[in-house]
Amino acid sequence: MTETVLETVGLTKEFDGFVAVNDVDLELTQGEFRGLIGPNGAGKTTVFNLISGLAEPSSGSVRFNGKEITGLDPHEITSRGMALSFQITSIFPELTVRENVLGALHSGEALSNLLSRYGTDETKLDRVDGLLAQVDLDVHVEKQAGELSHGDRKVLELALALANDPDLLLLDEPTAGLSASETDTIKRLLAELRGTVTIILIEHDVDLVMELVERITVLHNGQVLAEGTPDQIQADERVRKIYFRRDH
Ligand SMILES: Nc1ncnc2c1ncn2[C@@H]1O[C@H](COP(=O)(O)OP(=O)(O)OP(=O)(O)O)[C@@H](O)[C@H]1O
Ligand SMILES: [Mg+2]
């Protein structure tokens, strides 16, 4: 049986009378990799903010793992297994790569306590080092995070989002500002994650989305314009009009 991880019903957000997100219904099943695309200002980031508790909906509801989470604060939602990456993640540049991931694991605990005792906690360390190996950052574990290249910092942000083994990962433009080879690295890592965690990916690079995901939701003017497989979306005339042929 496929389990629903996330369900939004009639999700709506108004800013001073301007409707940024309008009656959005989304349903994601466990392990699904969903792309969320749409022109600038379509409402994609606002949808993420509503799902993750960073903004409160004007109306509508969000259910996560079968429970209503509408209106809960972001920390509560994170502790229930949702991870939001790339736009709000903070890396501590003066700490090592390993310490950053340890810090994410123990969120809520004083960092100094952590640093004084993490060396004795083999299980946690193994988990952190395993995760860093999974994203190919194992050679950099002892390096200060501030010394990482831009691309490696993005990869570290992904590792931080994965640290607590989330049920749902929200990725807002993970390849923004990256070189072609850095983008390839993120793309490969996301492909490896496919099926292991439910993911919603916002991404401007439509080709990248098409290659990675199984299903795409297209937002336009705050509303769901279309939803379907990459092939269906590519063939959809309404989508082509607003998205692939904006000059027509
Ligand atoms: N806090 C806010 N106050 C007022 N208007 C806002 C606020 N946040 C977003 N908006 C507006 O809502 C609309 C949707 O914005 P949003 O950032 O969700 O779009 P987006 O699809 O993520 O765009 P982009 O592709 O450029 O990141 C835009 O017109 C934006 O100006
Ligand atoms: Mg955005």
Side-chain angles (χ1 to χ4, degrees), residues 6-28 33-62 64 69-75 77-78 82-91 150 153-154 157-158 160-161 168-178 182-183 186-187 190 198-213 215-228 230 233-234 236 238-247:
L6 180 80
E7 187 179 19
T8 73
V9 179
L11 204 57
T12 298
K13 180 67 176 178
E14 288 184 29
F15 296 107
D16 297 324
F18 171 74
V19 187
V21 171
N22 193 352
D23 201 19
V24 168
D25 296 343
L26 285 176
E27 189 175 347
L28 270 91
F33 197 161
R34 175 77 61 96
L36 182 58
I37 66 172
N40 289 114
K44 305 178 297 293
T45 298
T46 306
V47 165
F48 268 17
N49 291 344
L50 297 174
I51 291 172
S52 60
L54 291 170
E56 211 171 320
S58 309
S59 59
S61 64
V62 185
F64 177 49
I69 58 162
T70 322
L72 295 183
D73 75 46
H75 291 296
I77 293 174
T78 303
M82 197 186 296
L84 177 66
S85 185
F86 299 113
Q87 286 199 333
I88 59 158
T89 320
S90 57
I91 287 177
H150 186 55
R153 235 178 359 246
K154 288 286 195 184
E157 287 178 4
L158 182 59
L160 292 175
L168 175 65
L169 184 58
L170 304 179
L171 303 175
D172 197 346
E173 299 190 35
T175 65
L178 295 188
E182 290 168 337
T183 298
I186 295 278
K187 188 168 138 189
L190 293 182
T198 312
I199 305 175
I200 310 181
L201 170 69
I202 295 177
E203 177 58 63
H204 272 118
D205 182 342
V206 178
D207 291 338
L208 184 112
V209 180
M210 296 270 173
E211 273 180 59
L212 280 173
V213 307
R215 216 172 157 70
I216 293 176
T217 301
V218 184
L219 274 189
H220 182 48
N221 293 335
Q223 287 180 304
V224 175
L225 180 78
E227 197 173 293
I233 293 302
Q234 220 154 8
D236 190 307
R238 295 163 307 164
V239 177
R240 297 182 73 89
K241 269 205 189 93
I242 63 117
Y243 209 83
F244 300 110
R245 292 186 288 183
R246 252 176 284 179
D247 48 336

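Everything quoted here is computed from the prediction, not taken from an experiment. Remember, it's 1-based here, ligands and their atoms both numbered in the order they're listed.
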Got an N/O contact under 3.5 Å between F18 and ligand 1?
-> no
With I186 as partner, the option from L208, T175, L171 fulfilling side chain to side chain contact (heavy atoms under 4.5 Å, CB included) is T175
Where ligand 1 meets H204 - atom numbers and elements under 4.0 angstrom, heavy-atom basis | 25 (O)
Which atoms of ligand 1 are found less than 4.0 Å from any heavy atom of A20?
-> 12 (O), 13 (C)
Out of A55, G41, G38, A176, indicate the one that has the non-hydrogen atom closest to atom 14 (C) of ligand 1.
-> G41
Any chance NE2 of H204 has more than 12 other-residue heavy atoms, nucleotides or ligands included, within less than 6.0 Å?
-> yes
Within a reach of under 6.0 Å around CD of E56, are more than 12 heavy atoms found that belong to other residues, nucleotides or ligands?
-> no
Tightest non-hydrogen contact, residues F48 and L36, listed as CE1-CD2, 4.2 Å
Heavy atom of E173 under 4.0 Å from ligand 1?
-> yes
Report the C-alpha separation of K187 and E211 in whole Å, then their side-chain angles, then the decisive distance to 0.1 Å, and conclude whether the salt bridge (Lys or Arg N to Asp or Glu O under 4.0 Å) test is met.
-> CA-CA 9 Å; K187 188 168 138 189; E211 273 180 59; 2.9 Å; yes
For the Mg ion (ligand 2), does an N/O/S atom of N40 lie at less than 2.8 Å?
-> no
